[in-house]
Number of protein chains: 2
Amino acid sequence: MAETILVLEDDPAMQSFLGTLLKTQQHQVYSFGEGIAALQHLVQQPVDLILLDLGLADMDGQLWLAQLRSWCDTPVIVISARHREQDKVQALDNGANDYVTKPFSAAELLARVRANLRHNTPQQQAFSFGDIRLDPVLRQVSRAGAEVHLTKTEYDILLLLMRHADKVLTHNQILTQVWGKTYTDRPEYVRVHMAQLRQKLEDSPAAPVYLKTEPGVGYRLKMT
Amino acid sequence: MAETILVLEDDPAMQSFLGTLLKTQQHQVYSFGEGIAALQHLVQQPVDLILLDLGLADMDGQLWLAQLRSWCDTPVIVISARHREQDKVQALDNGANDYVTKPFSAAELLARVRANLRHNTPQQQAFSFGDIRLDPVLRQVSRAGAEVHLTKTEYDILLLLMRHADKVLTHNQILTQVWGKTYTDRPEYVRVHMAQLRQKLEDSPAAPVYLKTEPGVGYRLKMT
DNA sequence: CAATCTTTATAAAATCTTTATAATCAGCCG
DNA sequence: CGGCTGATTATAAAGATTTTATAAAGATTG
């Protein structure tokens, strides 16, 4: 967490409310009441998201947005009391990413903040244990940040173990899932590849911390 | 223009309305009434934006969205008759980029479509890795500033790899996207053309830095 | 005809399977 | 309790198989 958010809002009560709301989510908030000051801040220190109230005192919010977009593509959520279709269309075409009308629900605003922060930072729904990470989207495994190359079979086994983290998977289950149901009498396949995985992923392969053997049963990926 | 948009909406009247509306903006529209069919289309042919009605007959829209997000990060605008805060928050946290409630204004919806197409435009910005540049607008590739001539097939493969940078693309995916779904048993097509690409783009084609093989799986364009 | 794609053949590389041996474990009996 | 025994497991390394790279010949296209 701890993304930075700039709030440009000239009503002090609303500015304070937004600031408090965002800070409950551990965001770093910079609040401004004037467009010029906000721009100066952005030039010096980029932020992850901008909340913009269209009704500014010192300049038109639409103009501010258009000017910002000429050099900066940080996501902008416009907050406005104006419900007219024309205002929404204009703001969105000026480069706003979202448009919320007052009064708004706090939970919805926070959800829209999360949604707009998200596509900035690519989806990290990777599995991890210790300093090992498996990213199923990239089909890539890394250890302490460095990429570890796994063969297809090794990757398939690791993914299977991670999907059932902490559960014991029997030899039969692993053989069936990775090789197919006609291979259930070849437990040595699993052993050889498990040894390879330990070589690549464990600090001391002979005394594994993560890839544990359950004698007579199968294997377990220990995450806790 | 001519971005592709997938519409998942099971009310025929609304589906037709959305299709007509989007086509006025020169978009290529694919309409579906069932979640399964829409997913099948997306697997074979990615689109630039998805419009999703939460009220599907054959499955829960929220579930569909969550499932989609496990492998696909195409922008999604949710359209729904549900005005409850809880529904909005859930959809946005499931990965929706925007949430529009019915009834909605056509102009506003189109503006939100434009806004969501804008920050993703994978087709329209030049990609680059190392000293290689691919400009999809000019359909042109250059290396260290000098133009490199690619045939149509080579270009299609490279564009596909770039649009999924760092991800492994299986032989089947490449064959389906470039040649069509009836070619999934001809992996040698991919190999021959990949060798050509390496000849044209890699410093030492036999030890590729960018166009990597994932034995038994497919190929990956390595950008990091 | 020229460019490109498809097909084919062969060599090289990577991976998987098999095997052998050593280590470990569990239960049992002296 | 301790050591024996048979089963299970770990691991390296050799062998077999699959997959891949590449050139080049043939076919296709416009």
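Values reported hereafter were calculated over all heavy atoms of this structure, with side chains retained and with hydrogens, waters and symmetry mates removed. The sequence lines fix the lettering, A, B, ..., with proteins before strands; numbering per chain opens at 1.
- What separates CD of A/E188 from P of D/dA13 is a distance of 20 Å, to the nearest Å.
- Atom pair B/Q196:CD and D/dT20:P shows a separation of 18 Å (rounding to whole Å applied).
- Atom NZ in A/K152 sits roughly 11 Å away from atom P in C/dT17 (whole-Å rounding).
- For C/dT15, neither phosphate oxygen OP1 nor OP2 lies less than 4.0 angstrom from any side-chain nitrogen or oxygen of A/H193.
- Within the structure, a side-chain polar atom (N or O) of B/R186 is placed less than 4.0 Å from OP1 or OP2 of C/dT7.
- Among D/dT22, C/dT19, D/dT11, the nucleotide with an atom closest to any side-chain atom of A/P205 is D/dT11.
- Applying the 4.0 Å criterion to OP1 and OP2 of D/dA21, one finds that B/R198 has a side-chain N or O inside that range.
- Residues B/T74 and B/R69 have side chains that never bring a donor and an acceptor to within less than 3.5 angstrom of each other.
- For B/Y219, a side-chain nitrogen or oxygen approaches OP1 or OP2 of D/dA21 to under 4.0 Å.
- For the side chain to side chain contact (heavy atoms under 4.5 Å, CB included) with A/Y189, the qualifying choice from A/L175, A/I157, A/I174 is A/L175, the only one to do so.
- Side chains of B/S105 and A/E85: a donor-acceptor N/O pair is present below 3.5 angstrom, by distance only.
- Taking atom NE2 on A/H171 and atom C1' on D/dA7, their separation rounds to 12 Å, with Å as the unit.
- Here the C1' atom of nucleotide C/dT6 and the CG atom of B/L175 are 13 Å apart, to the nearest Å.
- Put simply, A/Q199 has a side-chain N or O that comes within less than 4.0 Å of OP1 or OP2 on D/dA12.
- Atom CZ in B/R191 sits roughly 18 Å away from atom P in C/dA12 (whole-Å rounding).
- Close to C/dC16, at under 4.0 Å from its OP1 or OP2, lies no side-chain N or O of A/W179.
- Using bins of under 30°, 30° to 60° and over 60° for the plane-to-plane angle, the ring pair B/Y210/B/F129 lands in the perpendicular bin.
- Annotation: of the two residues near DNA chain C, B/P215 and B/H149, the 5′-most nearest-nucleotide partner is B/H149.
- Remark: B/T213 is not in phosphate contact with D/dT20, judged by side-chain N or O atoms under 4.0 Å from OP1 or OP2.
- An OP1 or OP2 oxygen of C/dT4 is reached within less than 4.0 angstrom by no side-chain nitrogen or oxygen of B/T151.
- The side chain of A/Y189 lies closest to C/dT18, out of C/dC16, C/dT8, C/dT18.
- In this structure, NZ of B/K212 is placed 15 Å from P of C/dA13, rounded to the nearest angstrom.
- Following rounding to the nearest Å, B/D185 (CG) and D/dT19 (C1') show an atom-to-atom distance of 16 Å.
- Here the closest heavy-atom approach between residue B/R163 and residue B/D48 is recorded as NH2-OD1, 3.9 Å.
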